[in-house]
Amino acid sequence: MTRPKLFLDDTRQPPEVDILLAKDAAEFDEMLETHKATGFSEIYFDHDLGYRAGNGHECLEHLIERCELEGYPHPDIIYVHTMNREEWH
């Protein structure tokens with residue numbers, strides 16, 4: 001069974017058409033819940049999710065907590081992307 005892929009970003013579209021999109025932390029949590037039986041094969045995290053929308057780091061922490069405490073399936077690959085160049089200095 002092929003597990004779905006998830007792209008977390010408030011402004012950009014997923015790089016492939018078959019990747020699911022969550023635009024903020026609330027949608028990310030909904031996707032985790034919807035796919036709790038299988039989890040995701042890949043998750044793409046954007047850091048900045050807009051004003052009052054949470055951020056990718058918080059979403060990753062939430063995912064780790066669910067994996068450790070609830071047995072949520074671990075993703076095979078995690079990607080991190082951002083348009084904020086100042087973060088990398």
Side-chain angles (χ1 to χ4, degrees):
M1 177 173 157
T2 303
R3 299 191 311 159
K5 300 174 186 178
L6 179 60
F7 190 80
L8 174 63
D9 198 303
D10 62 319
T11 59
R12 289 170 280 207
Q13 293 297 309
E16 301 168 20
V17 295
D18 63 338
I19 299 177
L20 301 172
L21 175 63
K23 292 188 173 234
D24 58 34
E27 287 183 10
F28 180 80
D29 287 343
E30 289 174 17
M31 289 285 190
L32 290 183
E33 188 61 28
T34 301
H35 298 277
K36 65 183 175 185
T38 62
F40 295 93
S41 62
E42 300 175 14
I43 302 179
Y44 299 74
F45 288 91
D46 179 24
H47 184 268
D48 299 314
L49 298 176
Y51 183 68
R52 296 185 187 238
N55 66 54
H57 183 253
E58 294 167 345
C59 291
L60 178 58
E61 287 179 340
H62 180 69
L63 172 65
I64 292 169
E65 183 178 288
R66 287 196 72 173
C67 290
E68 290 178 352
L69 299 178
E70 300 174 24
Y72 191 87
H74 291 88
D76 299 322
I77 302 171
I78 291 177
Y79 299 96
V80 178
H81 61 274
T82 185
M83 291 179 71
N84 188 351
R85 297 184 63 77
E86 288 100 38
E87 299 272 336
W88 303 105
H89 290 283

Are the side chains of Cys67 and Leu63 in contact, using a 4.5 Å heavy-atom criterion?
yes
For Pro4, what residues pass the side-chain contact (heavy atoms from CB on, under 4.5 Å) criterion, not counting sequence neighbours?
Leu20, His35, Thr38, Phe40
Calculate, to the nearest 0.5 Å, the distance between atoms CG and CG belonging to Asp46 and Asp24 respectively.
12.0 Å
Pick one: which of Phe45, Tyr44, Phe7 meets ring pair (Phe, Tyr, Trp, His ring centres under 6.0 Å) with Phe28?
Phe45
Pair His62 and Tyr72, ring centroids less than 6.0 Å apart
no
Smallest separation among heavy atoms of Gly39 and Pro73, with atom names:
N-CG, 3.8 Å
Are side-chain heavy atoms of His81 and Arg12 found at a separation under 4.5 Å?
yes
Is the backbone N or O of Glu30 less than 3.5 Å from a side-chain atom of Glu33, with the two atoms forming a donor-acceptor pair by type?
no
List the atom of Arg3, the atom of Pro75, and the distance in Å for their closest heavy-atom pair.
NH2-CA, 3.7 Å
Would a single hydrophobic cluster contain both Leu8 and Ile19, if residues Ile, Leu, Val, Met, Phe, Trp and Tyr are joined by side-chain heavy-atom contacts under 4.5 Å?
no
Output for pair (Lys5 NZ, Ile43 CD1), nearest 0.5 Å, gives 12.5 Å
Path from Ile64 to Met31 over hydrophobic side-chain contacts below 4.5 Å
yes
